[in-house]
There are 2 protein chains.
Amino acid sequence: MKNNGSIETGCLHCNVRLSSVFNVLDQEQTQELCAHKSCAVYKKGQYVFTENGLPNGLFCINSGKIKLTTTGYDGKEQILRLVKSGDILGYRALLSNERYHCSAITLEDASICIIDKKYFFDALAASPKLMFEVVKKMSHDLKMAEDHIVSLSQKNVRERMAEALLFLKATYGFEEDNQTLNVSLSREEIADYVGTSTESCIRLLSEFNTDKLILLKGKKISILNLQKLIQTANIED
Amino acid sequence: MKNNGSIETGCLHCNVRLSSVFNVLDQEQTQELCAHKSCAVYKKGQYVFTENGLPNGLFCINSGKIKLTTTGYDGKEQILRLVKSGDILGYRALLSNERYHCSAITLEDASICIIDKKYFFDALAASPKLMFEVVKKMSHDLKMAEDHIVSLSQKNVRERMAEALLFLKATYGFEEDNQTLNVSLSREEIADYVGTSTESCIRLLSEFNTDKLILLKGKKISILNLQKLIQTANIED
DNA sequence: CTTTTTTTATGATTTTAATCATGTTTCTGC
DNA sequence: GCAGAAACATGATTAAAATCATAAAAAAAG
């Protein structure tokens, strides 16, 4: 009898709304929002939308983790973005009135709201504040993408692998033990983010494990030596 | 006695305005815009803005070509975007209220307007249409960046090189002869876009030249066999 | 609880592209 | 026009990472 909180109580009491782009809405606007959304539960591994599909709304993640991937025509996947609760999803194609250029697949069971397209556009036009929030989100994603381009161009696989682990930490954080990455990805999925072969990914993770930078336990990865990992990633900050 | 058209006649008669995000403004709004911009001429190789600088306005390219680059901390440059007349420049940092994360450098003499920051934000809030235009631009840049990520992850240098030439064609088009790319980049700059070494870039261009895919004449590159180049780039469309 | 499939692991080999080295051509400033 | 610098070119060598191959471990299916 598990229930999705946001279905029961509505957006006004949705705890992730406050950390989403919709935090700028007032009470009345929030109720409007609530009237134009519907929620759904997705099982792990389900598609939320697929490449080339037409958007008919904005997705907002209530809970769960999602990967955005494209398929190179040789079949190899590329993970472009990782999405977490409070994030909006599928906004790019929606806003530019295009088909999705990537697919969204849940990495675990998820609860996701879909906000009506027409309502969302009206809300954006009516609320510059909301629009700026969305713009900030897109701006952030663009910056991340361009940072990724620089890494792919200039760093070797080892550096990118370390960077990817730091990225996972930054995105999903740690579990209660304060060192285990709060997300489970297969080696292949990590490789699809890093832009390397599955074998190289496995090899490097093994190596990091041997060197006590990380601890591998099945799909669970713990970061044992953050400082060393940052060094390995070759990050300037 | 060459004069910058937009200084003399104002935005209302600016011929690139119509192909810019500002094409959605009406006559009155355009005059407003005109009152809040200033124009400047840049010599080839000049910085329009630099990494870590604070934006205080939106740049709009009247004429000229510009590269957006970041410097990896080992000193290697990465060309992230190429900008042409009618394009806006420096919008990402401005909109997200951040420092520039890349530098803008002119590839040839250029004439560039700078639109006052405060005015621009007000105009955006007042005109959802304008905002949507800017959003579409950013959305396009994000898509391009993500396509670039997939290429860097999954394609080899030869494929990426062919792709880069097609990208230059798509961005700047041909000269009057209908086959010579209307932009002059050094081999190093091309390498900085493709994500390879200068030597590899030179080698591959030579090879394409030998194979009659392209014709090299100094910095000028002509595309002789577009079909074959598309095949070499391994593009699905 | 087995069987089958998928994922992880690791070694050997090959391919790709970077790096190093050197020479030539082209551009730039005087 | 000439000197020096920068850009272009090409060969040789090395390094990095993909691919191929095989096997163990883990997960899923029956």
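A note on names: the letters A, B, ... follow the listed sequences, proteins ahead of strands, and every chain is numbered from 1.
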query = What do the steps show when you test B/L68 against B/L89 for side chain to side chain contact (heavy atoms under 4.5 Å, CB included), and what is the final call?
reply = CA-CA 9 Å; B/L68 281 172; B/L89 176 65; 3.9 Å; yes
inquiry  = Rounding to an integer number of Å, can you tell me how far A/I221 CD1 sits from C/dA9 C1'?
reply    = 15 Å
key: Aromatic A/Y172 / basic A/K65 pairing, under 6.0 angstrom, 45° off normal   = yes
query = A/L152 and B/H148: side chain to side chain contact (heavy atoms under 4.5 Å, CB included), yes or no, with the steps?
reply = CA-CA 10 Å; A/L152 286 165; B/H148 203 166; over 6 Å; no
inquiry  = Can you measure A/E188 atom CD to D/dA26 atom C1' for me and round it to whole angstrom units?
reply    = 16 Å
Short side-chain N/O contact to C/dA9 OP1/OP2 from A/R187, under 4.0 Å = yes
ask   = Atom NZ of A/K220 to atom P of C/dT8: distance rounded to whole Å?
value = 13 Å
ask   = Quick one: is A/K219 getting a side-chain N or O under 4.0 Å of the D/dA26 phosphate, OP1 or OP2?
value = no
request  = Please report, rounded to the nearest Å, how far the C1' atom of C/dA18 is from the NZ atom of A/K155.
outcome  = 18 Å
inquiry  = Salt bridge or not between A/D109 and A/K43? Use side-chain N to carboxylate O under 4.0 Å.
reply    = yes
query = Could you state the CG-P distance from B/D192 to C/dA18, rounded to the nearest angstrom?
reply = 12 Å
key: Between B/T198 and B/R187: side-chain donor-acceptor atoms closer than 3.5 Å   = no
message = Nearest whole Å is fine: how far is C/dT19 P from A/Q154 CD?
response = 11 Å
query = For B/K43 and C/dT28, what is the distance between atoms NZ and P respectively, to the nearest whole Å?
reply = 13 Å
remark   = A/K220 meets the salt bridge (Lys or Arg N to Asp or Glu O under 4.0 Å) criterion, sequence neighbours left out, with A/E175
Evaluation steps, side chain to side chain contact (heavy atoms under 4.5 Å, CB included), between A/N225 and A/Q227 = CA-CA 6 Å; A/N225 192 337; A/Q227 211 47 50; 3.8 Å; yes
task = Return the 5'-most residue of the pair A/V157, B/S186 with respect to DNA chain D, ranking by each residue's nearest nucleotide.
result = B/S186
task = List in numerical order all residues of residues 197-214 of chain A for which some heavy atom is under 4.0 Å away from an atom belonging to DNA chain C.
result = A/E199, A/I202, A/R203, A/S206
request  = Please state how far atom CD in B/E189 lies from atom P in D/dA7, giving the value in whole angstrom units.
outcome  = 9 Å
